[in-house]
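Single-structure report; data block below.
Quick note on labels: first sequence line is chain A, next is B, and so on, each numbered from 1.
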Amino acid sequence: MAGQEDPVQREIHQDWANREYIEVITSSIKKITDFLNSFDMSCRSRLATLNEKLTALERRIEYIEARVTKGETLT
Amino acid sequence: MPLVKRNIDPRHLCHTALPRGIKNELECVTNISLANIIRQLSSLSKYAEDIFGELFNEAHSFSFRVNSLQERVDRLSVSVTQLDPKEEELSLQDITMRKAFRSSTIQDQQLFDRKTLPIPLQETYDVCEQPPPLNILTPYRDDGKEGLKFYTNPSYFFDLWKEKMLQDTEDKRKEKRKQKKNLDRPHEPEKVPRAPHDRRREWQKLAQGPELAEDDANLLHKHIEVANGPASHFETRPQAYVDHMDGSYSLTALPFSQMSELLTRAEERVLVRPHEPPPPPPMHGAGDVKPIPTCISSATGLIENRPQSPATGRTPVFVSPTPPPPPPPLPSALSTSSLRASMTSTPPPPVPPPPPPPSTALQAPAVPPPPAPLQIAPGVLHPAPPPIAPPLVQPSPPVARAAPVCETVPVHPLPQGEVQGLPPPPPPPPLPPPGLRPSSPVTVAALAHPPPGLHPAPAPAPGPHVPLMPPSPPSQVIPASEPKRHPSTLPVISDARSVLLEAIRKGIQLRKVEEQREQEAKHERIENDVATILSRRIAVEYSDSEDDSEFDEVDWLE
């Protein structure tokens, strides 16, 4: 009994250790993926806000240019 | 359903079959799991690089825009400092000649196109099974379409929407043109003098007797109502109808009034469509009330669409809306019965014989409205033919006047007509044409023959071939029916009218071809441009008439 337990126990213990190791790695992989997704989403939202501001600025500048410039004809 | 954009490849770490012949399975599983972890990390790194790449591209484009904006702001600041309030605009020309300010409204379009598909989704799509190679059959197709388009077409909805938009713009333009035309036309009908019409109507009423006249009015109203809708209000309508009859001759006037006018001016208005099918509603006195109202409503819808297209002359256009509704109800009514079925074939040729019906209507003081009234009160129908619809008038007078005789006559042709498709119309029209055309409304007795005239004759005969066969049916009908009144004049006038009608139709066809060519040219131009043009067309649709007219002019000039 003791002889049987030892190698089996050792293997099982080793297996448990391996599994815990693998579990740690997979959970960190999941954290990385979560971080990447959230980073992607936040970046996209910020870039969209930037885009909005840029568009508004471009329109204002167009208007101001039209007001300021002289000699623009229909041609 | 949310689509997974990036899927880490080895989904399960240890869901693999273990190889045989291994002593330490737990260790094997551990090693397999670790190997899969490494693969997962590799796919993760690939997707991370993709994510950052997309973000970088977007930010990079923004940097370009920001830089250009910066330059513009610098230039503006310089120019603004140089601005002097002393330098004012000298002339008005500057104000008028200046280009109107229009901000560049860039709209997002084609968002979900194949080209905008992100790379990871494209890779997922590539992993999927390809559709069957139907495009190898394309060279064997007659219509020139790609074979795969029938199986799967990613641009299907866009094409559908594009077609719909183009069609809507065209429809709107046509509507506006028609409105402009209508504004010019409403005065024409007012010119028609009322006197002759009233006299005839009065004579008819007197001839039939006061009681019958009222019934005719009721019947007329019934027919009109049936045409407009299944409601039937005998008592309330006659007064209104009579008032209408004596009242204004606007476009919205009842067809009877227009018919009567046409009869008075039958000679002048050759453009009237002779081939309006005169359904023999009286034929089936005891008929199906239900099919008639439904048929009439449907027929009216059909006919309402037609009046606009064919008529080139003013009078036909004016007349067309009214005559078509009456004839269609009649033919539609026959749909249920064998006769009805043949009659319905006639409605497609929308040119009911307006002159004959009005003449017949005038002659028949008792106006037997559409077949519905005939069915409802066969006895009441006898008094007078319904002037409402020429076709109605045609069948009604014969039935009304000589019910037994007329019924027998039409019955015989009807069975024959069933085979041909338009039997019912020809039989009743032959009867009326001879009698009533000379327009002696007082002679009610003569009304035994349904409203005569070329119009009814041509209309009933051809049915589907109405436009092409107007001369033939009258000629056929005339000898067979032996018009009592003026048979000799009928063929001559009918030929002239048929020739005119054919010319009109050809003109309409030519116009349609031209329009089609223009549309094709526009389509070719549009295909190169993206949805911007479509969005512009949307703006055109919702813009006011002024913009549309300008757009139209531009298009025409192009």
Got a sec: does the CZ of A:Arg44 have more than 12 other heavy atoms crowding it under 6.0 Å?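 Yes, enclosed.
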Can you confirm whether B:Ile119 is buried at CD1, in the sense that more than 12 heavy atoms of other residues, nucleotides or ligands lie under 6.0 Å from that atom?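 For B:Ile119, atom CD1 is not crowded (no more than 12 foreign heavy atoms under 6.0 Å).
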Which one wins on heavy-atom pair count under 4.5 Å against chain B: A:Glu11, A:Arg46, A:Gln14?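 Result: the option with the highest number of such pairs is A:Glu11.
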Which one of A:Leu57, A:Leu54, A:Ile25, A:Asp40 has the most heavy-atom pairs closer than 4.5 Å to chain B?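 Of A:Leu57, A:Leu54, A:Ile25, A:Asp40, A:Leu54 has the most heavy-atom pairs under 4.5 Å with chain B.
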Pair count under 4.5 Å, heavy atoms only, with chain A: among B:Val73, B:Val66, B:Leu26, highest is B:Leu26
[X] side, atom [atom1]; [Y] side, atom [atom2] - distance, nearest 0.5 Å:
| X | Y | atom1 | atom2 | result |
| --- | --- | --- | --- | --- |
| A:Ile61 | B:Leu69 | CD1 | CG | 4.5 Å |
| B:Ile37 | A:Glu23 | CD1 | CD | 9.0 Å |
| B:Leu55 | A:Met41 | CG | CE | 9.0 Å |
| A:Ser28 | B:Leu41 | OG | CG | 8.0 Å |
| B:Glu58 | A:Asn51 | CD | CG | 7.5 Å |
| A:Ile29 | B:Leu13 | CD1 | CG | 7.5 Å |

Is it the backbone or the side chain of A:Arg19 that comes under 4.5 Å from a heavy atom of chain B, or both, or neither? side chain
Chain A contact via [X] - side chain, backbone, both or neither, heavy atoms under 4.5 Å:
| X | result |
| --- | --- |
| B:Val29 | side chain |
| B:Tyr47 | neither |
| B:Leu76 | side chain |
| B:Glu54 | side chain |

Passes side-chain hydrogen bond (donor to acceptor under 3.5 Å, both in side chains), A:Asn37 versus B:Arg6? Steps please. CA-CA 10 Å; A:Asn37 285 335; B:Arg6 296 176 184 93; 5.4 Å; no
Checking A:Arg60 now: which residues fulfil side-chain hydrogen bond (donor to acceptor under 3.5 Å, both in side chains) with it, not counting sequence neighbours? none
Flag side-chain contact, heavy atom, 4.5 Å: B:Leu44 against A:Leu36: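 Result yes, sub-4.5 Å side-chain heavy-atom pair found.
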Between A:Tyr21 and B:Thr30, is the side chain to side chain contact (heavy atoms under 4.5 Å, CB included) condition met? List the steps. CA-CA 10 Å; A:Tyr21 179 64; B:Thr30 309; over 6 Å; no
Tell me whether B:Arg72 is salt-bridged to A:Glu58, with the criterion being a basic N under 4.0 Å from an acidic carboxylate O. no
